[in-house]
Amino acid sequence: MAWEYSEKTKQLFLDAVHGKPGTHLGEIENPDGFGEHGSIACGDSLRFTFRVERNEDDPLQDKIVEARYLTFGCTSAIAASEALCVILEARHCTPIEALTITNQDIVDFLEGLPDQKIHCSVMGAEALTAAVFDWAKKRGVHLENLGIDAREHEAEEEGRIVCKCFSLTEPYIRRKIKELNLHTIPEITAAIKAGGACMNCHHAPGGLQDILDDIWGPRGEKVLAPGELPILGQEPVLPSASSPTSEVPVTSETLSPYQFAKRVESVLEKYVRPMLQRDGGDVEIVDIKGSLVYVQLHGACATCVGANATLKMLVEKMLREKVSDAIKVIQV
C-alpha cells in the first residue's frame with residue numbers, strides 16, 4: 001500500500017533530499033535554539049535548530065531568521081520538517097510567537113497527511129518547542145513570567161513510562177490527548193505513536209485506555225473473540241493475561257517443530273502483520289530453525305531506514321512475549 005501524499009508534500013520531500021537551493025536540511029552551527037524529539041530506535045527522530053536576529057535591548061523581540069533540521073524518518077517526517085522551517089522563516093516571528101505554531105499548521109501547509117502520519121507533524125511542533133525553551137535559557141528569558149510553564153515539559157521527561165517501545169511518559173501522553181483532543185487508542189497512535197508497536201500498553205493497568213478513561217470518562221470497548229483479527233482502523237482489545245484464551249509463552253523445547261512454527265505464524269498474523277500493513281509494509285516467514293526465525297520485509301518496510309528497529313522492537317519483541325523469549329529474528 002502506497003501512502004496518498006499531496007503533491008506539495010511529495011515536492012517538499014524531493015526538493016529537500018536533493019538539496020535544492022532554499023531548502024533546509026542541515027544543522028546551524030552554534031544555534032540560538034536547539035531542540036530534539038523522538039529517537040532513532042523508535043523509527044523517527046528530529047533535530048531542529050534556529051538562528052535569531054538579536055535585539056540587544058529586549059530579547060523578546062529577537063526574530064527567527066533561519067531554521068534547519070536533521071530528520072531520521074519517512075517522506076512525511078522530512079516534508080513536515082521542511083514545512084516547519086518554511087513557515088517559521090516566512091513569518092519572521094519571535095521565538096515566543098513561534099510557540100503558537102501547531103502540528104495542524106504543518107498539516108495544513110502540506111495540504112494534508114495520512115492519519116497514520118500525523119505524528120510526523122507533532123514531532124516537528126515538539127522539537128520547535130524544545131528549541132524555544134533552549135533559546136529562552138540562553139537569553140535569560142523567564143518563560144513563567146509569560147505564562148508558559150516549561151516545568152511541565154521537564155516533568156514529561158522524567159514521568160512514568162507508559163509506552164515502553166517509544167519511551168513515552170504519562171505526563172506527555174496526557175498533555176497530547178488534551179491538546180489534540182484524542183479520544184481513542186488509534187487516534188493516540190496516529191498522533192504520537194504511543195501503542196503502535198507491541199500494544200502491551202493499550203489495556204495494561206495505567207495504560208492508554210486507563211488514561212483516556214481518566215481524562216474523558218469510561219467507555220465500552222469491543223473485545224475480540226478468540227482468533228478474531230482486528231479490523232483495520234479499529235482498536236482491538238486483547239484478552240487479558242488472566243484470560244484462558246491468551247497466549248502463554250513457551251519454549252521451543254515444549255512444542256514440536258510444527259507446533260512451534262504454527263505458534264510463530266499465528267502471532268505474526270494476529271498481532272504483527274496488521275500493524276505493518278497499516279503503515280504500508282508487511283513481513284513474511286522464510287524459514288524457522290530452532291529458535292531462529294528468518295523473515296523478509298515487504299512493501300514500505302523493505303526500504304525503510306528503520307527496518308532494523310522494526311525487526312527488534314516489533315517483530316522479535318512480540319514473538320518473544322507471545323511465543324518464547326529464546327526467539328531471535330533474522331532478516332534475509
Requested in this report: Go through the steps to decide whether V323 and V293 satisfy the test side chain to side chain contact (heavy atoms under 4.5 Å, CB included), and finish with yes or no.
Outcome: CA-CA 12 Å; V323 184; V293 179; over 6 Å; no
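- Cluster annotation: L99 is connected to L60 through the hydrophobic network of ILVMFWY side chains, with a link wherever side-chain heavy atoms come within less than 4.5 Å.
- Side chains of V283 and L314 form no contact here, defined as non-hydrogen atoms less than 4.5 Å apart.
- Between the side chain of E53 and the backbone N or O of V65 there is no donor-acceptor pair closer than 3.5 Å.
- Sparse packing is recorded around CD of E29, with 12 or fewer heavy atoms of other residues, nucleotides or ligands lying under 6.0 Å away.
- At distances below 3.5 Å, not a single donor-acceptor pair connects side-chain atoms of E27 with backbone N or O atoms of R68.
- Under the 4.5 Å side-chain heavy-atom criterion for grouping Ile, Leu, Val, Met, Phe, Trp and Tyr, V264 is not connected to V286 through any hydrophobic cluster.
- Nearest heavy-atom pair, T94 versus K63, reported as atom, atom and distance to 0.1 Å: CG2-NZ, 3.8 Å.
- Taking CD from E170 and CD1 from I161, the interatomic distance works out to 10.5 Å, rounded to the nearest 0.5 Å.
- With S81 contributing its side chain and A77 its backbone, the two residues share a donor-acceptor pair below 3.5 Å.
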Report task. Evaluate side chain to side chain contact (heavy atoms under 4.5 Å, CB included) for V17 paired with T23, printing each intermediate quantity in order. Result -> CA-CA 9 Å; V17 297; T23 54; over 6 Å; no
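- Of all non-hydrogen atoms in Q296 and V332, the two that sit nearest each other are CG-O, 3.9 Å.
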Requested in this report: Step by step, work out the ring pair (Phe, Tyr, Trp, His ring centres under 6.0 Å) result for Y172 and H37.
Outcome: CA-CA 12 Å; Y172 173 74; H37 190 74; 5.7 Å; yes
Report task. Determine, stepwise, if the pair R47 / E36 fulfils salt bridge (charged side-chain N to carboxylate O under 4.0 Å, His left out). Result -> CA-CA 4 Å; R47 175 177 295 178; E36 291 182 304; 3.0 Å; yes
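- Formation of a donor-acceptor pair under 3.5 Å by the S6 side chain with backbone atoms of L110 is found in this model.
- No continuous path of ILVMFWY side-chain contacts below 4.5 Å connects L292 to V295, so the two sit in separate hydrophobic clusters.
- Residues D105 and T100 form no side-chain contact, since every pair of their non-hydrogen atoms from C-beta on lies 4.5 Å or further apart.
- V315 is not connected to Y294 by any chain of hydrophobic side-chain contacts under 4.5 Å among Ile, Leu, Val, Met, Phe, Trp and Tyr, and they are in different clusters.
- Contact check for K176 versus E126: side-chain heavy atoms found under the 4.5 Å cut-off.
- In this structure the side chain of L84 never reaches within 4.5 angstrom of the side chain of Y69, judged on heavy atoms.
- Remark: side-chain polar atoms of T102 are paired, donor with acceptor, to backbone N or O of Q104 under 3.5 angstrom.
- Taken to the nearest 0.5 Å, the CG atom of D15 stands 7.5 Å off from the CD atom of E82.
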Requested in this report: Under the side chain to side chain contact (heavy atoms under 4.5 Å, CB included) rule, what do L88 and C93 come out as? Steps first, then yes or no, please.
Outcome: CA-CA 7 Å; L88 276 172; C93 58; 3.9 Å; yes
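- For L182 against L212, the heavy-atom pair with the smallest separation is O-CD2, 3.6 Å.
- Annotation: side chain of V329 is not in contact with side chain of Q331 (no heavy-atom distance under 4.5 Å).
- Using a distance-only test at 3.5 Å, with no hydrogens or angles considered, no donor-acceptor pair links the side chain of E111 to the main chain of T9.
- Applying the side-chain hydrogen bond (donor to acceptor under 3.5 Å, both in side chains) test between N200 and each of E321, K164, K317 identifies E321 as the sole match.
- To the nearest 0.5 Å, atom SG of residue C74 and atom CZ of residue F13 are 8.5 Å apart.
- Atom CE of M318 and atom OH of Y271 lie 7.5 Å apart (nearest 0.5 Å).
- Counting all heavy atoms, side chain and backbone alike, A130 lies closest to G35 at CB-CA, 3.8 Å.
- Between the SG atom in C85 and the CD1 atom in I106 there is a gap of 9.5 Å [rounded to 0.5 Å].
- The shortest side-chain heavy-atom distance between I177 and I192 does not fall under the 4.5 Å cut-off.
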Query raised in the report: Step by step, would you call I64 with E89 a side chain to side chain contact (heavy atoms under 4.5 Å, CB included)?
Result: CA-CA 7 Å; I64 296 177; E89 293 184 357; 5.7 Å; no
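- A pairwise comparison of heavy atoms in K117 and Y5 identifies CE-OH, 3.9 Å as the closest pair.
- Look at D214 and R174 and you find a salt bridge, because one of the NZ, NE, NH1 or NH2 atoms lies within 4.0 Å of a carboxylate O, short of that distance.
- Cluster membership check: W135 does not share its hydrophobic cluster with I28, using side-chain heavy-atom separations under 4.5 Å among Ile, Leu, Val, Met, Phe, Trp and Tyr.
- Using a 30° and 60° split on the angle between ring planes, H183 and W216 fall in the parallel class, below 30°.
- Within 6.0 Å of NZ on K8 lie more than 12 heavy atoms contributed by other residues, nucleotides or ligands.
- Of the possible polar contacts, none joining the T71 side chain to the I78 backbone as a donor-acceptor pair under 3.5 Å is found.
- Residues V132 and F50 have side chains in contact (heavy-atom distance under 4.5 Å, counting atoms from C-beta outward).
- Nearest heavy atoms, D134 versus F34: OD2-N, 2.9 Å.
- Side-chain N or O atoms of N55 include none that pairs as donor or acceptor with a backbone N or O of D62 at under 3.5 Å.
- The main-chain N or O of V86 is never found under 3.5 Å from a side-chain atom of H24 such that the two would form a donor-acceptor pair.
- In this structure, R91 contributes its side chain and I101 its backbone to no donor-acceptor pair below 3.5 Å.
- Just one residue in the list K138, R139, R54 forms a salt bridge (charged side-chain N to carboxylate O under 4.0 Å, His left out) with D32, and that residue is R54.
- How far NE2 of H202 is from CD of Q209: 10.0 Å, rounded to the nearest 0.5 Å.
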